[in-house]
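The structure under discussion appears below in the form of structure tokens.
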Amino acid sequence: MTRDGRRYWLMKSEPGCFSFADLQGRPGQTEHWDGVRNFQARNLLRDELQVGDGVLFYHSNTAQPAIVGLARVVHAGYPDFTACDPRSDHFDPRASAAYPIWYMVDVQGLAALPQPLTRDDLRRHPLLCRMDVLRKGNRLSVQPVREEEWRAVLEVAGLNDPLDRQR
DNA sequence: GCCAACGTTGGC
DNA sequence: GCCAACGTTGGC
């Protein structure tokens with residue numbers, strides 16, 4: 001049984017730690033999204049994100065938080081090996097190969113937005129003002145995005161849907 | 001740097 | 001199972 005239709009997600013990253021430009025600089029513009037240590041986000045990574053899903057890349061905890069780029073999921077959830085690496089900042093002594101606890105996906109950068117979409121930009125938009133990322137106190141590093149929100153971001157950015165080329 | 005909001009931990 | 005204490009996130 002396969003899931004029909006792609007879905008869309010917003011993923012947060014602190015640009016001082018890993019920026020959209022960093023993703024675009026990786027071979028194949030692809031990198032694994034490790035280090036998520038929140039069970040709600042873990043469940044999404046493990047169970048919900050699928051190859052081909054669209055990703056809005058959001059810069060958080062920075063002077064100008066904004067959606068800055070478009071990406072896609074290129075590998076569905078698999079164990080986050082950094083949890084088993086004692087030298088990693090994300091080491092979790094409870095995790096093991098048999099019980100990985102934490103999961104990650106691989107993400108590929110597709111296009112930078114011509115202009116970052118700031119929180120003010122989002123708040124002013126009739127559809128984007130409903131996005132979860134604007135909700136006060138929202139700390140989920142991976143969160144669902146409605147299809148109309150994905151389309152609205154493309155429209156505001158003046159971009160065609162980069163996922164259409166990936167079929 | 002402040003602080004509100006939230007998730008997690010652990011004593012009971 | 002409750003809930004206070006604590007740590008973290010992240011906008012401002």
Side-chain angles (χ1 to χ4, degrees), chain A residues 7-26 31-49 53-73 76-146 148-150 152-157:
Chain A
R7 282 191 287 182
Y8 305 93
W9 310 94
L10 179 142
M11 299 176 83
K12 295 180 188 174
S13 188
E14 301 192 16
C17 179
F18 186 76
S19 69
F20 189 68
D22 291 331
L23 178 62
Q24 291 188 296
R26 292 295 195 269
E31 187 57 283
H32 54 267
W33 199 280
D34 64 292
V36 171
R37 297 292 180 266
N38 166 286
F39 287 105
Q40 208 179 336
R42 186 282 309 266
N43 292 345
L44 294 175
L45 291 172
R46 186 189 59 190
D47 304 331
E48 302 296 333
L49 277 71
D53 285 357
V55 173
L56 300 176
F57 195 113
Y58 178 85
H59 281 171
S60 67
N61 204 11
T62 183
Q64 186 70 281
I67 298 171
V68 296
L70 307 173
R72 66 175 178 141
V73 177
Y78 61 106
D80 180 346
F81 53 80
T82 66
C84 295
D85 177 2
R87 291 162 306 176
S88 168
D89 290 342
H90 306 299
F91 176 61
D92 183 341
R94 301 170 298 178
S96 67
Y99 298 97
I101 307 180
W102 304 113
Y103 283 74
M104 60 187 179
V105 299
D106 291 352
V107 167
Q108 178 181 40
L110 296 175
L113 300 191
Q115 303 282 345
L117 264 183
T118 67
R119 298 174 65 81
D120 276 346
D121 293 334
L122 299 178
R123 278 189 280 258
R124 279 194 289 262
H125 189 280
L127 286 174
L128 299 177
C129 66
R130 296 178 57 229
M131 289 189 74
D132 291 347
V133 74
L134 292 178
R135 282 199 344 264
K136 184 170 178 156
N138 177 8
R139 296 164 46 181
L140 251 196
S141 57
V142 180
Q143 50 190 258
V145 166
R146 298 170 186 87
E148 63 264 29
E149 293 164 352
W150 173 265
V153 168
L154 294 174
E155 196 205 355
V156 170

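Per chain, numbering begins at 1; letters A, B, ... match sequence-line order.
Rounded to a whole Å, the NE2 atom of A:His59 is 13 Å from the P atom of C:dG10. One can place CG of A:Asp132 at 14 Å from P of C:dG10, the figure rounded to the nearest angstrom. Rounded to whole Å, the distance from CZ on A:Arg119 to C1' on C:dC12 is 10 Å.
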Can you give one letter per nucleotide of nucleotides 1-9 of chain C, 5' to 3': B if a protein heavy atom sits under 4.0 Å from the base, S if only from the sugar-phosphate, - if neither?
-> ------BBS

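Relative orientation of the A:Phe57 and A:Phe18 rings is tilted, given thresholds of 30° and 60° on the angle between their planes.
Considering A:Glu31, A:His32, A:Met11, A:Arg72 in turn, A:Met11 is the only one that fulfils the side chain to side chain contact (heavy atoms under 4.5 Å, CB included) rule with A:Val107.
Within the 4.0 angstrom heavy-atom criterion, only backbone atoms of the sugar-phosphate kind lie near A:Arg123; the bases stay farther away.
In plain terms, the two heavy atoms of A:Ser141 and A:Ala41 that are nearest each other are OG-CB, 3.9 Å.
Considering CZ of A:Phe39 and CH2 of A:Trp102, their distance stands at 3.5 Å, rounded to 0.5 Å.
Listed by first and then second residue, the salt bridge (Lys or Arg N to Asp or Glu O under 4.0 Å) pairs that reach into residues 114-123 of chain A are A:Asp120-A:Arg123, A:Asp121-A:Arg124, sequence neighbours excluded.
Using a 4.0 Å cut-off between a side-chain N of Lys or Arg and a carboxylate O of Asp or Glu, A:Asp80 and A:Arg37 qualify as a salt bridge.
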